[in-house]
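For reference, the structure discussed in these notes is given below.
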Amino acid sequence: MTSLSHHRSGTGEPLVLLHGIGSRWQLWEPVLPALRPHFDVLALDLPGFGASPPTAGASVGASRTGADADVASFADAVTSFAAAAFPGAASFHVAGSSLGGGIALELGRRGVARSVTAFAPIGFWGPLSRRWCQASVTGARVFGRLARPALPALASTAAGRIAVFGLFFGHPARLDPAVCLADVDALVAAPAFTAARSAFAGHRFTDPGTLDTIPVTVAWGTRDAILPAFQSRRAAAVLPHARHVSLKGCGHLPFSDAPDTCATLIRTTIG
C-alpha cells in the first residue's frame, strides 16, 4: 500500500477527498462536519504534499519531466491506498479540488470511482490559461517563502488576508490566520510541487471513459482567479452528461467560502 498521510472519520459509504497542488488534506476541514455523518471519509495528502512522502520521481530531482507527479501517477497512488483502506469496497466516491479534481475525473474515467465531484478541475485549459495557472501557483509559493517572516502580522488582519490570499479565496477575510500560515508552510515545503507543476503541461482532459455512466458534478467558483470559470464551458462540452454548477462569489478554493454548498454538492452527487 502506498504510504499516505490522511484523516479518516465518519461512517457510511467510502468517500475519498483530494486536494490540489501545494495543498494538504486540511483543505477539506470546513466541509467535514457535514460529510462525516453520512460517509466513511478519507481525506488524503497526495504523495509529496502535506505530510505524505514523495514517490521517487515526484521529488525535486525529477522536476524536469514531472515523472510520478502527473494525474495518472497520483491516481495510481490513490487507488492503491483506497483499496487497502476500504478492503470490502470495489469502488469509492471521490471529490477533488483543482489537481485533485483532475485526479478525481481520472479515477472516474478508469471506472474506479462510483461518483465524482470535481471543483475547478485541471485539464480544461488552453495553453495560455495553463501557463497562467502554473505561474500563479509558482508565484504564490515564492511569495510565501520570501514573505514568511511578515505573514503572521499580515494574516492577523482581515485586510492582510484579503491582500495575501485573495488570489485563491472568494472571501479571504473569513479565513483562520493560523490555518493560513500552515497552508503557506505546506505550499513552500512540498517536495512534489515542481514536478507536479511541470506535469501540468502534459495534461488536458479529452477522454470521458466511463464517466458517462456514473454521477458527475463539476463546480466552478465565479471568482476563481487560478483556473478562471470560462474553463467550465469546455468542461460542459467534454462532459455533457455531468451536472455543471457555478458557485457564486466563490474563489478557486470554495470550501471556506461556502462550506454548506460544497458539502451539499458532494452529497447530492453521490445520491
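Computed from heavy atoms alone, side chains included, the values below leave out hydrogens, waters and symmetry copies. Because the structure is a prediction, the values reported are computed rather than measured.
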Nearest heavy-atom contact between Ala75 and Glu106 is CB-CG, 3.8 Å
Distance in Å, Leu253 CG paired with Asp224 CG, rounded so as to fall on 0.5 Å steps
8.0 Å
Report yes or no: does Gln134 contribute a side-chain atom to a donor-acceptor pair with the main-chain N or O of Arg197 at less than 3.5 Å?
yes
Any donor and acceptor pair, going by atom type alone, linking the side chain of Ser136 with main-chain N or O of Ile226 inside 3.5 Å?
no
Set of residues satisfying side chain to side chain contact (heavy atoms under 4.5 Å, CB included) with respect to Asp176, sequence neighbours excluded:
Ala178, Val179
Atom pair CZ (Arg223) and CG (Asp257), whose distance is rounded to the nearest 0.5 Å
7.5 Å
To the nearest 0.5 Å, what is the distance between CG (Leu99) and CG (Asp70)?
9.5 Å
Is it true that the side chains of Thr79 and Asp76 contain a donor and an acceptor less than 3.5 Å apart?
no
Would Thr264 and Ile266 count as a side chain to side chain contact (heavy atoms under 4.5 Å, CB included) if you check the C-alpha gap in whole Å, the side-chain angles of each, and the deciding distance to 0.1 Å?
CA-CA 5 Å; Thr264 298; Ile266 296 171; over 6 Å; no
Name all pairs fulfilling the side chain to side chain donor-acceptor pair (under 3.5 Å) condition that reach into residues 157-175, sequence neighbours left out, sorted by first residue then second.
none
Which hydrophobic side chains are connected to Leu128, either touching it within the sub-4.5 Å cutoff or through other members that do?
none
Can we call the ring centroids of His252 and Phe119 under 6.0 Å apart?
no
Show the numbers, then the answer: is there a side chain to side chain contact (heavy atoms under 4.5 Å, CB included) between Val164 and Leu151?
CA-CA 9 Å; Val164 175; Leu151 285 181; 4.0 Å; yes
Is the shortest side-chain heavy-atom distance between Val71 and Ile122 below 4.5 Å?
yes
Roughly how far apart are His241 NE2 and Asp212 CG, rounded to 0.5 Å?
4.0 Å
Would a distance-only check, ignoring hydrogens and angles, find a side-chain to backbone donor-acceptor pair under 3.5 Å from Ser23 to Gly20?
no
For Ala192 versus Pro47, what's the shortest heavy-atom pair and its separation?
CB-O, 3.6 Å
Would you find a donor on one side and an acceptor on the other, under 3.5 Å apart, between the side chain of Thr11 and the backbone of Asp40?
no
If only atom types and distance count, is the side chain of Arg109 paired as donor or acceptor with the main-chain N or O of Gly209 below 3.5 Å?
no
Between Leu32 and Val41, is any pair of side-chain heavy atoms under 4.5 Å apart?
yes
Would you call Asp207-Arg110 a salt bridge at under 4.0 Å N-O?
no
Can you tell if the side chain of Ser256 reaches within under 4.5 Å of the side chain of Phe169, non-hydrogen atoms only?
yes
Test: salt bridge (Lys or Arg N to Asp or Glu O under 4.0 Å). Region: residues 114-136. Which pairs qualify, not counting sequence neighbours?
Glu13-Arg114
Those residues that, when tested against Asp185, pass salt bridge (Lys or Arg N to Asp or Glu O under 4.0 Å) (two or more places apart)
Arg148
Distance-only, no hydrogens or angles: does the Arg141 side chain make a donor-acceptor pair with backbone N or O of Ala190 under 3.5 Å?
yes
Does the side chain of Leu105 reach to within under 4.5 Å of the side chain of Leu239, using non-hydrogen atoms?
yes
Does the side chain of Leu107 come within less than 4.5 Å of Leu18's, by heavy atoms?
yes
Min side-chain heavy-atom separation Cys180-Asp183 under 4.5 Å:
no
Val188 and Gly144: which non-hydrogen atoms are nearest, and at how many Å?
CG2-C, 3.8 Å
With a 4.5 Å cut-off on side-chain heavy atoms, are Val116 and Leu211 touching?
yes
Atom CZ of residue position Arg267 - does it have more than 12 heavy atoms of other residues, nucleotides or ligands inside 6.0 Å?
no
Closest heavy-atom pair, Thr261 versus Leu247, reported as atoms and distance to 0.1 Å, is CG2-CD2, 3.9 Å
Which word best sums up how the rings of Phe49 and Phe74 line up, parallel for under 30°, tilted for 30 to 60°, or perpendicular for over 60°?
tilted
Closer than 3.5 angstrom, by distance alone: can the side chain of Trp220 be matched with the main-chain N or O of Leu227 as a donor-acceptor pair?
yes
Could you check whether any side-chain N or O of His6 sits under 3.5 Å from a backbone N or O of Leu4, counting only pairs where one atom can act as donor and the other as acceptor?
yes
Distance-minimising heavy-atom pair for Gly101 and Pro121:
C-CB, 3.6 Å
Can you run down the ring pair (Phe, Tyr, Trp, His ring centres under 6.0 Å) pairs that involve residues 126-145, sequence neighbours left out, and say none if there aren't any?
none
Worked verdict on Phe92 versus Ser115 for side chain to side chain contact (heavy atoms under 4.5 Å, CB included)
CA-CA 7 Å; Phe92 50 89; Ser115 76; over 6 Å; no
Thr117 and Thr268: CA distance, side-chain angles, deciding distance, side chain to side chain contact (heavy atoms under 4.5 Å, CB included) verdict
CA-CA 10 Å; Thr117 310; Thr268 56; over 6 Å; no
For Ser97 and His19, which I'm curious about, is there any donor-acceptor pair between the side chains at under 3.5 Å?
no
d(Gln231 CD, Phe124 CZ) to nearest 0.5 Å is 9.5 Å
Shortest non-hydrogen pair, Pro14 vs Ala89, comes out as CG-CB, 4.1 Å
Could you tell me whether the side chain of Asp45 and the main chain of Trp25 form a donor-acceptor pair under 3.5 Å?
yes
Taken to the nearest 0.5 Å, the spacing of Arg36 CZ from His7 NE2 works out to 5.0 Å
Check: Leu44 and Leu42 side chains under 4.5 Å, non-hydrogen atoms
yes
Under 3.5 Å donor-acceptor, Ser246 side chain and Gly221 backbone
no
I'd like to know if the side chain of Arg243 pairs up with that of Thr269 as donor and acceptor (distance under 3.5 Å, no hydrogens or angles considered).
yes
If hydrophobic clusters are built from ILVMFWY residues whose side chains come within less than 4.5 Å, do Ile162 and Leu167 share one?
no
